Amino acid sequence: MTNAAGAGAPLATTQPGGTGAVNPRKGGRHRTANWAAVAFVAPLVIYLVVFYAYPLIQNFALSLHRYDRATFVSGGAPFVGLGIYREVIAQPRFWRVVSQTATFTLVSISVQYVIGLALAVFFQRNFRLSAILRALFLVPWLLPVIVSGTTWQWMMNPDNGALNTLVGWFGAEPIWWLSAHNSLRSVIIANIWLGIPFNLVILYSGLQNIPRSLYEAAAIDGAGAWRQFRSITLPLLRPVTLITLLLGLVYTLKVVDIIWIMTTGTGTSQTLATWSYGLAFGKGTSGVIQYSEASAIGSLLLMVAVVFGFIYIAIQRRGEE
Amino acid sequence: MASRGWWKTLTAVLLTAIMLFPVYWMVNVSLTNRGSIRKSQLLPFDFTLDHYRVVLRDQLPFLTTSLVVGIGTVILTLLIAAPAAYALAKLPVPGGRYLSFVLIVAQMIPAVVMAMGFYSIYNQIGILDTIPGLILADSTIAVPFAVMLFTAFIRGIPNELLGAAQVDGASSWRCFRSVVLPLSRNSSITVALFAFLWSWSDFLFASTLDRGGGAMRPITLGIYNYIGAQNQEWGPMMATAVVASIPTALLLILAQKYVSAGISAGAIKD
């Protein structure tokens with residue numbers, strides 16, 4: 001596959017100079033253009049097959065065979081069909097993890113959206129320093145997650161963390177942020193912080209596309225700021241809102257790093273993604289590594305993500321037409 | 001009116017300060033002496049640069065690896081994305097619409113699934129814990145985004161510019177090299193910046209495909225090592241985190257216009 005396309009590429013790039021220029025017939029020209037087009041996209045297509053399709057197929061293959069540490073290296077694991085999937089779903093913790101994943105995702109994206117929208121409306125009118133401050137709001141998005149994750153972990157330290165100092169100012173008892181019981185809440189807080197910039201950016205550009213004249217007309221009719229927000233901003237922003245929430249959903253479902261760095265997925269903060277990651281790559285657990293289970297959970301996650309991905313694409317296509 | 005503007009600016013400064021507090025706290029801890037870190041003071045009263053000396057002593061190999069991996073990812077991404085985008089935007093690619101669709105879906109695949117697949121393949125062909133292996137995996141984060149960004153830009157190049165080149169007898173290759181590429185300078189910078197930043201920030205592929213890489217591990221794992229340590233050293237850890245944030249800072253200070261270009265071109269990535 002790689003060889004055939006590789007040999008085709010140089011041929012195609014030398015051809016247009018020859019046939020296209022010497023023979024100006026329309027048909028010939030079109031065909032050379034086509035060849036050139038194929039040559040230009042060939043590296044991408046090969047790349048997608050080798051670095052996307054192949055790992056995905058490999059992942060599925062892992063989930064259909066019963067692998068352990070030895071057979072993972074030597075090969076020859078027995079084929080068990082959907083057996084691994086059945087076992088994973090039958091585990092008592094499966095539905096608990098599914099509901100934690102749902103909580104993590106839904107709470108994260110809805111709070112991110114509300115805060116992002118409030119900030120976008122706030123930044124909508126230009127004021128002194130607004131461009132610079134808006135740029136600074138991107139920082140959480142651009143920082144390596146390992147950096148923000150470790151910083152949040154330290155701020156949530158029960159004895160000396162900044163958050164408990166703050167809580168203490170209000171006279172409340174210190175909170176054991178990263179305990180099994182509270183860990184879901186804590187990783188959601190950190191994840192909301194990470195996602196606000198993304199929502200702010202998209203919603204801000206959505207707001208820029210709403211004609212100013214609508215607000216002016218509404219103001220003349222005596223509509224206040226809240227009324228304008230409810231009857232102009234919200235309805236006209238609906239397509240952007242839908243896209244933002246769907247993309248947020250797909251991206252939040254698959255989050256591993258912020259959770260793993262803060263809690264290694266312990267307690268209530270376990271989601272499908274961290275569960276899968278932990279089974280295959282958990283620290284110091286080479287004796288109990290479960291590649292097949294990890295792949296099966298990953299594949300389930302993939303299917304959910306792709307379903308919402310298709311909904312997203314359908315909505316976006318409809319918007320373009 | 002003017003006073004109202006100032007009121008808004010003041011609110012915005014306050015909101016930004018709250019939002020960036022974790023970043024400030026990281027810098028604050030990194031500059032505080034070991035004995036005073038647990039006091040949680042608002043300013044580094046017990047000031048020290050010792051933690052940064054530790055970083056320079058221990059983390060340089062990791063930083064170098066991250067730099068190499070980042071540059072490799074940028075080059076690979078540009079080489080694959082730019083020609084493909086030109087074809088998708090201006091040439092009749094058979095099934096081109098289908099390809100764009102695949103690119104959107106590709107961005108939605110959970111990284112943990114990709115990591116499992118890569119891990120198994122790399123294990124078989126023996127490129128686990130190598131820099132080329134990590135570059136290949138990291139490039140998958142950036143390639144779909146890069147193709148879409150380039151395609152959107154190249155589509156906007158007027159056909160007359162390309163047509164003129166073709167009348168001159170230039171083949172599509174020469175048209176690509178002498179017209180499209182020079183015009184795409186800004187898009188290339190945007191793509192390069194994001195590809196570098198994502199590969200520099202990557203934790204998931206690094207922690208799965210390059211766990212046993214020794215000194216050939218990236219800085220994200222350099223920081224991660226501190227988490228597992230028996231006695232967590234918060235000072236050096238936060239100092240390393242500050243150093244690992246330098247590319248982000250540079251990006252915002254030097255290349256802000258490219259960042260916003262990337263975002264407004266539909267650069268949707270979380």
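For clarity, every value in this text was computed on a predicted model and none was experimentally measured. A note on names: the letters A, B, ... follow the listed sequences, proteins ahead of strands, and every chain is numbered from 1.
Among all heavy-atom pairs drawn from B/Trp200 and A/Pro144, the shortest one is CD1-CG, 4.1 Å. Considering every non-hydrogen atom in both A/Trp193 and B/Met19, the closest pair reads NE1-O, 2.7 Å. Nearest heavy-atom pair across A/Ala280 and B/Met116 is CB-SD, 3.4 Å. Nearest approach of A/Lys254 to B/Gln107, heavy atoms of both residues: NZ-O, 2.9 Å. Listed here is the closest heavy atom pair of B/Val113 and A/Gly298: CG2-O, 3.2 Å.
Under the rule for a ring-ring contact (aromatic ring centres under 6.0 Å, His included), A/Tyr54 has no partner lying at least two apart in sequence or in another chain. For A/Gln153, the side-chain hydrogen bond (donor to acceptor under 3.5 Å, both in side chains) test picks out no residue, with sequence neighbours left out.
When heavy atoms are compared at a cutoff of 4.5 Å, B/Ile109 approaches chain A by way of both its backbone and its side chain. Neither the backbone nor the side chain of B/Leu221 comes within contact range of chain A; no heavy atom of the residue lies under 4.5 Å from a heavy atom of that chain. Heavy-atom distances place the side chain of A/Leu48, and not its backbone, under 4.5 Å from chain B. Residue contact with chain A, scored on non-hydrogen atoms closer than 4.5 Å, is absent for B/Leu79. Using a 4.5 Å cut-off between heavy atoms, A/Leu136 touches chain B through backbone and side chain atoms alike. Proximity to chain B is limited to the side chain of A/Leu56, based on heavy atoms less than 4.5 angstrom apart. Both the backbone and the side chain of B/Ser207 come within contact range of chain A, each with at least one heavy atom under 4.5 Å from a heavy atom of that chain. Interface remark: B/Met238 contributes side-chain atoms only to the contact with chain A (heavy atom separation under 4.5 Å). Contact annotation for A/Tyr291: both backbone and side-chain heavy atoms come within less than 4.5 Å of a heavy atom of chain B. Contacts of A/Leu44 with chain B are made by both backbone and side-chain atoms, with heavy-atom separations under 4.5 Å. Heavy atoms closer than 4.5 Å to chain A are found in the side chain of B/Phe203, but not in its backbone. Both the backbone and the side chain of B/Val93 have a heavy atom closer than 4.5 Å to some heavy atom of chain A. Contact annotation for B/Val13: both backbone and side-chain heavy atoms come within less than 4.5 Å of a heavy atom of chain A.
Annotation: side chain of B/Met237 is in contact with side chain of A/Thr150 (closest heavy-atom distance under 4.5 Å). Put simply, the side chain of B/Leu15 reaches to within 4.5 Å of the side chain of A/Phe137, judged on heavy atoms. The closest side-chain heavy-atom distance from B/Lys8 to A/Arg125 is below 4.5 Å. For the pair A/Ile146 and B/Ser201, the minimum side-chain heavy-atom distance is 4.5 Å or more. Put simply, the side chain of B/Arg38 reaches to within 4.5 Å of the side chain of A/Asn157, judged on heavy atoms. In this structure the side chain of A/Asn160 never reaches within 4.5 angstrom of the side chain of B/Lys39, judged on heavy atoms. Annotation: side chain of A/Phe308 is not in contact with side chain of B/Met108 (no heavy-atom distance under 4.5 Å). Using a 4.5 Å cut-off on side-chain heavy atoms (C-beta onward), A/Trp260 and B/Leu204 make no contact.
Most heavy-atom pairs under 4.5 Å with chain B: of the set A/Tyr52, A/Phe123, A/Phe51, A/Trp152, this distinction falls to A/Tyr52. No other option in B/Leu136, B/Val105, B/Leu88 has as many heavy-atom pairs under 4.5 Å with chain A as B/Leu136. Per-residue counts of heavy-atom pairs under 4.5 Å with chain B were compared for A/Tyr277, A/Phe310, A/Phe60, A/Tyr67; the largest is that of A/Tyr277. Contact tally against chain B (heavy-atom pairs below 4.5 Å) for A/Asp159, A/Asp257, A/Thr274, A/Leu302: the top residue is A/Leu302. Ranked by heavy-atom pairs under 4.5 Å with chain A, the first of B/Ser120, B/Ala87, B/Gly95, B/Ala244 is B/Ser120. Comparing B/Thr208, B/Ile223, B/Thr240 by heavy-atom pairs within less than 4.5 Å of chain A, the highest count is held by B/Thr208. Considering only heavy-atom pairs separated by less than 4.5 Å from chain B, the leading option among A/Leu143, A/Leu253, A/Val250 is A/Leu143. With respect to chain A, the highest number of heavy-atom pairs below 4.5 Å among B/Ile37, B/Ile219, B/Ile121 belongs to B/Ile121. With respect to chain B, the highest number of heavy-atom pairs below 4.5 Å among A/Ile261, A/Ile297, A/Thr165, A/Ile57 belongs to A/Ile261.
Here CG of A/Leu133 is found 9.5 Å from CG of B/Leu20. Values are rounded to the nearest 0.5 Å. The distance from the CH2 atom of B/Trp25 to the CE atom of A/Met155 is 9.0 Å, given to the nearest 0.5 Å. Interatomic distance, A/Phe40 CZ to B/Trp173 CH2, rounded to the nearest 0.5 Å: 6.0 Å. Separating the CD1 atom in B/Ile104 from the CZ atom in A/Arg317 is a distance of 5.5 Å, to the nearest 0.5 Å.
Checking side-chain atoms of B/Thr248 against main-chain N and O of A/Leu142 turns up a donor-acceptor pair under 3.5 Å. In this structure a side-chain-to-backbone donor-acceptor pair under 3.5 Å is missing from A/Thr151 to B/Pro22.
When B/Tyr119, B/Tyr224, B/Phe118 are each tested for a ring-ring contact (aromatic ring centres under 6.0 Å, His included) with A/Phe281, only one passes: B/Tyr119.
Using the six-membered ring where Trp is involved, B/Trp234 and A/Trp154 have ring planes that are tilted, between 30° and 60° apart.
Counting non-hydrogen atoms of neighbouring residues, nucleotides and ligands closer than 6.0 angstrom, the CD1 atom of A/Ile132 reaches no more than 12 such neighbours.
A/Tyr47 and B/Ser139 share a donor-acceptor pair across their side chains, judged by distance under 3.5 Å alone.
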